[in-house]
Enquirer: 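I am attaching a structure below and will ask some questions about it afterwards.
Nothing here was measured: the structure is a model prediction, and the numbers come from that model.
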Amino acid sequence: MRRIGKRLRVLGRLGRRDRGDRQALIVCGLGYASYRLLARIAASRRYTAVAVIDDEPWNHGTEVEGVRVHYPSEAASLARRHGVVAVVHDDPATLAMFDSATRDALGEAGVPVVRLSGAAPEPLETQLRAARGH
């Protein structure tokens, strides 16, 4: 029985995404700008995308660049569960998918919604620090 328990623990660890010491972000939208931002996050050594948010039902449950797509109503719960430092977007129009309850829940969780550019020459770290006022 001990061998089975040990194997199950190993399999459980394999199923989880290893973030190391990288900080978790949630990306809003599935347009070109969001995809570009997701690619920059994937290349980052400091940040990792733990979820993508999109309101189109046919995208829910799919994966983009290895990151699962969720409904906007799940954003606050995902932020708390994964210790997200920010919800990021590259197009302000994507924020229309969040209702006021979700925005309030993100605010109560201390998770800012920040605009970053996937095309900007500045590193994501610099953009995020500037957007958060640090």
Enquirer: Using 0.5 Å steps for rounding, measure from the OH atom of Tyr32 to the CG atom of Asp90.
Expert: 10.0 Å
Enquirer: Checking side chain to side chain contact (heavy atoms under 4.5 Å, CB included) for the pair Val50/Leu78: CA distance, chi angles, key distance, verdict?
Expert: CA-CA 8 Å; Val50 295; Leu78 289 164; 5.9 Å; no
Enquirer: Which pair of non-hydrogen atoms, one from Gly110 and one from Pro112, has the smallest distance, and what is that distance?
Expert: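 Where Gly110 meets Pro112 most closely, the heavy atoms are O-CD, 3.4 Å.
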Enquirer: Which heavy atom of Val52 sits nearest a heavy atom of Leu30, and at what distance?
Expert: CG1-CD2, 3.6 Å
Enquirer: Which value, rounded to the nearest 0.5 Å, describes the distance between Ile41 atom CD1 and Ile26 atom CD1?
Expert: 10.5 Å
Enquirer: For Tyr71, check ring-ring contact (aromatic ring centres under 6.0 Å, His included) against everything at least two apart and list the hits.
Expert: His60
Enquirer: Tell me which pairs pass side chain to side chain donor-acceptor pair (under 3.5 Å) where either residue lies in residues 96-106, with sequence neighbours left out.
Expert: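 Pairs touching residues 96-106 that pass the test: Asp99-Thr102.
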Enquirer: Provide the closest heavy-atom pair for Leu106 versus Ala76 in the form atom of the first, atom of the second, distance.
Expert: CD2-CA, 3.8 Å
Enquirer: Check Ser34 against Val27 and note the closest heavy-atom contact, atom names and distance.
Expert: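 In this case the closest contact between Ser34 and Val27 is O-CG1, 4.0 Å.
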Enquirer: If you look at every heavy atom in Val67 and Ala49, which pair is closest and at what distance?
Expert: CG2-O, 3.7 Å
Enquirer: Can you tell me how far NE2 of His89 sits from CG of Leu116, rounded to the nearest 0.5 angstrom?
Expert: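 The CG atom of Leu116 sits 8.0 Å away from the NE2 atom of His89.
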Enquirer: Roughly how far, to the nearest 0.5 Å, is the CD1 atom of Ile53 from the CE atom of Met97?
Expert: 7.5 Å
Enquirer: Mind checking what makes side-chain hydrogen bond (donor to acceptor under 3.5 Å, both in side chains) contact with Ser77, not counting sequence neighbours?
Expert: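 Applying side-chain hydrogen bond (donor to acceptor under 3.5 Å, both in side chains) to Ser77 gives Arg81.
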Enquirer: Any chance you could lay out the side chain to side chain contact (heavy atoms under 4.5 Å, CB included) test for Glu65 and Tyr35, step after step, and finish with the verdict?
Expert: CA-CA 9 Å; Glu65 294 292 315; Tyr35 184 81; 2.5 Å; yes
Enquirer: Got Arg22 and Ser44 here, is their nearest side-chain heavy-atom distance under 4.5 Å?
Expert: no
Enquirer: For Ala109 and Arg80, work out which heavy atoms get closest and say how close.
Expert: CB-CG, 4.2 Å
Enquirer: Return the OG1 to CD distance between Thr62 and Glu56, rounded to the nearest 0.5 Å.
Expert: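 Reported to 0.5 Å precision, the distance equals 11.5 Å.
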Enquirer: CG of Asn59 to NE2 of His70: how many Å apart, nearest 0.5 Å?
Expert: 12.5 Å
